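Read the structure below first, then the notes.
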Amino acid sequence: MKLRYNIIVKLLIFVQLFLIFSCRTNKVPKNGHLFIDNKYKYVDKKGKPYLDKYGNPFLNKNGKEILNQYKEPFEDELDDYVKQKSNKKILFTVPLGLWLYDLSNPAFDSIYAEYYQVGQKQRKQKLLDSLYIKYKLQKYVGKSRWFDRFFYNNGEAPVLVDTVISKTSSKNIEQYFKNRGWRKSNVSDTIITSGKKAHVQYTIRLGRPMIMDTIIYDIADEMKDDLYHRYLNRRRQAGTRKSQSGELSKEEYISNFFSRGSLVKRGDRLDAYVIENEISRLENRFKNMGYYRFNELKDEVIYYVDTAKNVYDVPVKLSIKKSQLGDVTTNQKDDTIKKDSLVHKFKRFKYNKINVSLIDNEADEKTTSIVDSSFYVTNKKFVKLVDGKKTKVMVKDTIAFIVNHLGDKYKNRVLADMLAIEKGHSYNLNAETRTRRNIYKVNNFNILGFNTVPEKDSDSTLISNIILSPMDKYSYELGFEAFTSGVANFGITPNLTFTAKNLFGGAENLSVSFGGSLGNIQSKKNNNKLFNASELSVQASLSFPKLILPINAKNIIPKAWGPSSAISVGYNAQYNIGLDKRSYNTGLLYNFNPTRSTIHQITLWNLQYTQFLNPNNYFNIYEQDSRVRDDVYSLYFKQYPSAKEEYEKNHNDNDLLFQIQNNIDFQDYLRTTDLNLANSYDLMEFRRYRFTQNVLISSFKYDFTYDQRLGYFTGKHPFYMKAQVELAGNMLSLFNKTLKDFTTSNNKTIKQIFGVPYSQYVKFDIDLRKFWIFTGKRSFNARLFSGIGIPYGNSFSMPFDRSYSVGGPSDVRAWKAFGFGPGTSKLGGKNGYELIAIDNFKLLTQLEYRFPLPSKGFEGALFTDAGNVWGINKNSLNKFDIKSFYKELGIGGGWGIRWDISNFIIRFDFAYKFHDPRRDENDRWYFKYINLLKPQVNFAIDYPF
């Protein structure tokens, strides 16, 4: 009770001091008011009828009241249309700049104003003294008044309410809502004062919205004919034109074509911003259908609104007509656009020539380069429908005319495979974008030029010119991070990545990464050293800009998807960390991107061998299990004194525990004498096997990523999903009859390969994220992660490396990595190691609000995280229970600061525990124990999600 009282008193004192400082208005003029903020008041309430200026409800043409469907619509965008902004605030409430300015002496404001108008080199004491004399303050001559000048120069003058600006802002908001479809909207501004402060309230009356009653399509005849002709051809090829009953008329098809997927829909509010987005969508759609010059002058796609008969229920006409000023042609000499044609028709264009030039932009002009010019031609299988049947045909695929100034440094196939555009195919804007993406993905070339222009004297063919230059053959990157975890007090992780490009002439890249860490852990040995633990890792990857398969992959995966392959090998070693683990891995993976927003990754084969060099150190690390072991030993030595003598000679825990495990008489005696100790012993042996057993993992893995932020039209609230499935051990299980048995430390029999048991399991992960983007670089972000691992066959537990844990800089940030769990487990070592903070099922949710800070490049965040791990087996000590899992979540939150250096994010998060599942059920809420001065500090690179 006393602790809670002290917290309340401190909080009240802080609030009082804050209010005193935030209310300081010493430098506000006598007749002025400090502008605090803008407020918006909506007259129209959600679910209530729209009212006119006399308070009468608007009625529709059926005589029914028109109800408002919105609560404060578009409020988050209104600040963009208000001209006057208040003094900048930190964390929403602290006007630090105003406070600093207010601390300086107002008697010197005129002096400082002139002083800081000159350049920094001219700001000397002599100038300051002359200003003292000018403003009749001679007694300060020779005095610097550095602190006072610091407050003035680094502060921010008070922003005063300006009625002219508020009137202009009212008109801006009013016009904004008219564009949004409320034609009779009315906005008034009112200045509300309180002492020397004031805020401006904008009262918004939306009025009756304009509704699109009908939508008419007025499309150029040549476009309608072309679209309908292609529709009929597709029906014939599919073999569906057996009767006229299912065939649409031209007008029906055109109506369906433009209404399907349209953002402009009958019955919706007439919104100019939605119409602009629909025009952009149509431009993208038609340019992907071959209409190269579609809406090039931005005057060919127009929405007309007819308000002659009714200003509220209005017909809308989509007009797509060719400009009467003439078609656009390009002067290929100077790339200027001229209106010098009288062609008024929409036409599809095809690529007639695709020229790819590879040049060495660093070569000496006097040097004669070897030039290899050739058409790159391949045979390609093509499947088409003939009378409703799939028919395979072989076609010659002339892709591009390649001019290779680098001779045999790069194979022509590499240059051609990056192209998603093809000769003879219709113009496609997305295909050109995919071509650029493929070039960047290969990571061997810089794009010096990429332009597509009409062919001379042609109104339907294009020439695409792509100019590339090779990147530097060798490059390297340096990296550095710091971390803390449940194992390490602190640590640093330097790393170096070396890349060699175009290793064999096919744009293959070899990347070798050298990394590691130096850290400090609580250790019984080397405890006086600053860095008493370390880790070393080497990872090499050889990537190919194609799929490495024994068959022609182009017939399976289109080259427009940017397929690539990589072979990797790696080694990792830990020293004085836990059991001194060594890990070896190798794998073959494939990667391809069907669209900008989707990524598929298939790890066809992944092999990992993990070896523990010091398993006997287990009981020195996990002290809780050490106490369980000692209690069992004590009972066993009483029954078998000779075993004690043998143990004191060699101190071999493995042999003694194996002996105890297989002694059925003692097992019965242990369960009869102390059942709790027997259960703790079984659990200890389960964990000891899981943490110390060498293991072999051979798996197949598939990853699917969908990220709307990478798409052409991301929208304001993009969505992200990543799903992963991993299958391990199934191929090896086919050879079980030829493999030897292996008896584990907890007396289970499984199969082994070269003395090492292999793992068999299935693992599913799904990661969902939603981003709500607001104005002013503000965003609200949410994440939900769930993962489950199910061992079976040759495994009774998941490998340590494939198990789940909680805590860390991108997880539940109020705890260190491996910070708690599973469930309500209270087991843990005093030396910082968590005993069983891993298990087979995980739930995690995170919420984060991000906002800009006054200093350029800095961003703040407020966040909360919740999650835990649980067991899923019947005998799991902390099994997941749908009825009670929410009571076992670790919940934390806090605030963070991020520094954006050219899209390189340095992040500091300061987190506090809110709900600790390790405490007794009636005492898990942690608020009364929070010490604001002792947060869990997380340092990391990039956002947590």
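Keep in mind the model is a prediction, meaning the values are calculated, not measured.
Remark: Lys473 NZ to Asn502 CG distance equals 5.0 Å, nearest 0.5 Å. The distance from atom CG of Asp900 to atom CG of Leu853, rounded to the nearest 0.5 Å, is 12.0 Å. Atom CZ of Phe774 and atom CD of Glu75 lie 11.0 Å apart (nearest 0.5 Å). Note that OG1 of Thr598 and CG of Asn593 are 6.5 Å apart. Values are rounded to the nearest 0.5 Å. Separation of atoms CZ (Arg180) and OH (Tyr273) is listed at 6.0 Å; rounding is to 0.5 Å. Rounded to the nearest 0.5 Å, atoms OH (Tyr702) and CD (Glu726) are 15.0 Å apart.
Between the side chain of Ser513 and the backbone N or O of Thr497, no donor-acceptor pair lies under 3.5 Å. Between the side chain of Asn404 and the backbone N or O of Leu406, at least one donor-acceptor pair lies under 3.5 Å. Put simply, the side chain of Thr461 never gets that close to the backbone of Asn352: no donor and acceptor are under 3.5 Å apart. When atom types are taken as modelled, the side chain of Lys842 and the backbone of Ser805 share a donor-acceptor pair closer than 3.5 angstrom. No donor-acceptor pair closer than 3.5 Å links the side chain of Asn179 to the backbone N or O of Ala272. Side chain of Arg813 to backbone of Gly892: no donor-acceptor contact under 3.5 angstrom is found. Side-chain atoms of Thr845 come within 3.5 Å of backbone N or O of Arg783 as a donor-acceptor pair. No donor-acceptor pair closer than 3.5 Å links the side chain of Lys722 to the backbone N or O of Asp703. Side-chain N or O atoms of Gln846 include one that pairs as donor or acceptor with a backbone N or O of Asp811 at under 3.5 Å. In this structure, Arg907 contributes its side chain and Asp942 its backbone to a donor-acceptor pair below 3.5 Å.
At a cut-off of 3.5 Å, with distance as the only test, a side-chain donor of Asp226 or Tyr291 sits close to an acceptor on the other residue. If you check the side chains of Asn585 and Gln539, you find a donor sitting under 3.5 Å from an acceptor. Inspection of the Tyr849 and Arg778 side chains reveals an N or O donor paired with an N or O acceptor under 3.5 Å. Judged by distance alone, the side chains of Gln69 and Arg269 never bring a donor and an acceptor atom under 3.5 Å apart. Side-chain contact annotation: Glu432 with Tyr427, donor-acceptor N/O pair under 3.5 Å absent. No hydrogens or angles considered: a donor-acceptor pair under 3.5 Å links the side chains of Tyr804 and Asp765. Thr493 and Ser517 form no side-chain donor-acceptor contact under 3.5 Å, judged by distance and modelled atom types alone. No side-chain donor from either of Glu300 and Asn295 sits under 3.5 Å from a side-chain acceptor of the other. Judged by distance alone, the side chains of Tyr176 and Asp80 never bring a donor and an acceptor atom under 3.5 Å apart.
Using bins of under 30°, 30° to 60° and over 60° for the plane-to-plane angle, the ring pair His717/Trp772 lands in the tilted bin.
Considering every non-hydrogen atom in both Ile421 and Ser464, the closest pair reads CD1-OG, 3.6 Å. For the residue pair Leu419 and Leu415, the shortest heavy atom distance occurs at CG-O, 3.7 Å. Taking all atoms of both residues into account, the shortest heavy-atom contact from Ile773 to Ser779 is CD1-CB, 3.9 Å. For the pair Leu549 and Tyr590, the tightest heavy-atom approach, listed with the atom from each and the gap, is CD2-OH, 3.3 Å. When all heavy atoms of Tyr351 and Ser426 are compared, the pair lying nearest together is CE1-O, 3.5 Å. Between Gly424 and Lys350, the closest heavy-atom pair is O-CD, 3.5 Å.
Salt-bridge annotation for Arg596 and Asp707: absent, with no side-chain N of the basic residue lying under 4.0 Å from a carboxylate O of the acidic one. The pair Arg898-Glu848 counts as a salt bridge, with a side-chain nitrogen and a carboxylate oxygen less than 4.0 angstrom apart.
Aromatic rings of Phe445 and Tyr410 (six-membered ring for Trp) have centroids within the 6.0 Å cut-off, being under it. Taking the ring centroids of Phe592 and His600, they lie under the 6.0 Å cut-off.
Partners of Ser564 according to the side-chain contact (heavy atoms from CB on, under 4.5 Å) rule, which considers only residues two or more places apart in sequence or in another chain, are Lys441, Asn591.
Of the candidates Asn868, Thr864, Asp865, Ile891 forms a side chain to side chain contact (heavy atoms under 4.5 Å, CB included) with just one, namely Thr864.
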